[in-house]
Amino acid sequence: MIDFELDPQQRQIRDVARRFARDEVMPHAAAWDREASYPAGTVAAAADLGLLNVGVPTEHGGLGLAMLDEALVAEELAYACMGFYTILMASDLGVTPVVLAGTSEQQERFLRPLTEGPRLAAFALSEPDNGSDAAALRTRARIEGDEIVLDGSKMWISNGAEAEWVVVFATADPSAGHRGVVAVVVERGTPGLRAQPIHGKLGQRCAPTAELILDGVRVPRANILGEVGDGFGLAMRTLDRTRIPVAAGSVGVARRALDEAARYAQERHAFGAPINRLQAIQFKLADMAINVETSRWATWRAAWLVDQGRPDAAASAIAKCYASDAAFAAANEALHVHGGYGYVDEYPVAKLLRDVKLNQIYEGTNEVMRLVIARSLVR
Ligand code: COS
């Protein structure tokens, strides 16, 4: 049976997120963007409401939200500010490999503290010279007795400086390609770990991003997730899930773009009537509505597959690629509907465009998404 209705619990989750987004995020988003300031107080308020680290299982103190629930939260928060939602989303990106591959002792040790305050996790796969070809990472991992020693650097790490701990992917054997990769949890304050904040981002400016430098970082072997050699597959399985919140966030941005364009097209007059009387404008609104609707269904289907225990790399990639391209197009059209006013920060549409550009890039570029989809077709 196919059901297109949300159940009462899902509606409640969506409504909580919607209210929080409207009251606590939307009024401040423009200032956070202008000042590139990290909204610590609002992250704490989100944590109080249970909107942070939503993927932590109930047995370790979290809400253990289903992926569809997470998608509902994502759409609402991103409607208000994609950058703010990225802070929360990137923490769940760090949480996911621990949920997928951590022992129950590791889960209790790393996940429980995240539920006891406004604490963030992070995920470190990309490197300064290596992004899409994730198996070619260069950060080295050497096993020495009961410890693992890490050397290298990681790039574009969301929450990198703020996170309590970060899942670092490194190679124990570069000649083994993806079979040499290991995933290790590195806690903040570990000697040799340094975070270098990255400034000057085009959009999502309230979401902190850092380069992580690992210089002889020693962590116990007990911090390895799974076995040495499991890391690459774990990264892929993680991203198969976490690309869905990126897709859902994109739906939120597209919906906001449509609402802003529709509002302005009603207010603005030309040729003796509101511009929404012009077919040229109406067709733009119609295209945005198509984008919102189709992206949401692709996203919810990918989420539903995860919740059925059947995560599907191609379905997630279709959702992430399609929704982020559609949201970029919607934001672009919304800006155009605003004419010159769209090009300045008096209206929120320029920020939508700047913010959502990143959705086409992070958690795998949309070119990598097309690669993943194509491979599922020609396997
Ligand atoms: N789930 C589980 N395992 C997977 C997998 C998936 N979705 N995708 C690949 N694997 C496994 C394969 O089965 C293979 O294992 P075996 O050799 O044991 O069979 C191994 O991983 C290597 O797979 P493949 O040969 O397809 O890997 P490639 O090096 O060709 O890379 C891409 C595949 C390009 C898809 C991968 O590198 C990728 O996703 N890159 C983008 C990384 C990214 O998203 N970065 C953003 C960082 S987070 S902001």
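In listed order, ligands and their atoms are each counted from 1. Computed over heavy atoms, backbone and side chain alike; hydrogens, waters and symmetry mates excluded.
- A ring-centre distance under 6.0 Å is found for Phe169 and Phe123.
- Against a heavy-atom cut-off of under 4.0 Å, Val372 is close to the following atoms of ligand 1: 35 (C).
- Looking only at heavy atoms of the protein, atom 14 (C) of ligand 1 is closest to His178 NE2, 3.8 Å.
- In this structure, atom 32 (C) of ligand 1 has its sub-4.0 angstrom surroundings free of protein heavy atoms.
- Interface atoms of ligand 1 facing Leu239, defined by a heavy-atom separation under 4.0 Å, are 43 (C), 44 (O).
- In terms of polar-atom proximity, defined here as any N/O pair under 3.5 Å, Gly364 does make such a contact with ligand 1.
- The protein does not reach atom 12 (C) of ligand 1 closely, with no heavy atom under 4.0 angstrom from it.
- Checked against Glu75 for a salt bridge (charged side-chain N to carboxylate O under 4.0 Å, His left out), the options Arg255, Arg14, Arg256 give a single hit: Arg255.
- Within the listing of ligand 1, atoms 37 (O), 42 (C) sit less than 4.0 angstrom from a heavy atom of Ala134.
- When hydrogens are left out, the protein atom nearest atom 10 (N) of ligand 1 is Met236 CG, 4.2 Å; that is the closest non-hydrogen contact.
- Enclosure of atom CZ in Arg301 is not indicated, since only 12 or fewer non-hydrogen atoms of other residues, nucleotides or ligands lie within 6.0 angstrom.
- Among Trp156, Phe169, Phe232, the residue whose heavy atom lies nearest to atom 23 (O) of ligand 1 is Phe232.
- Numbered from 1 in the order shown, with element, the atoms of ligand 1 that lie under 4.0 Å from a heavy atom of Asp240 read 1 (N), 6 (C), 7 (N).
- The shortest N or O to N or O distance between Ser132 and ligand 1 is under 3.5 Å.
- For ligand 1, one of its N or O atoms has an N or O atom of Arg179 under 3.5 Å away.
- Taking the centre of each ring, Tyr362 and Trp156 stay at or above the 6.0 Å mark.
- Only the side chain of Ser126 comes within 4.0 Å of ligand 1, counting heavy atoms alone; its backbone N, CA, C and O stay farther away.
- Outside the 6.0 Å centre-distance limit, the rings of Tyr38 and Trp32 are not counted as a close aromatic pair.
- The contact set between ligand 1 and Arg237, taken as ligand atoms under 4.0 Å from a residue heavy atom, comprises 1 (N), 2 (C).
- Heavy atoms from other residues, nucleotides or ligands lying under 6.0 Å from CZ of Arg11 number more than 12.
- The proximity of Met369 to ligand 1, defined as any non-hydrogen pair under 4.0 Å, does not occur for either the backbone or the side chain.
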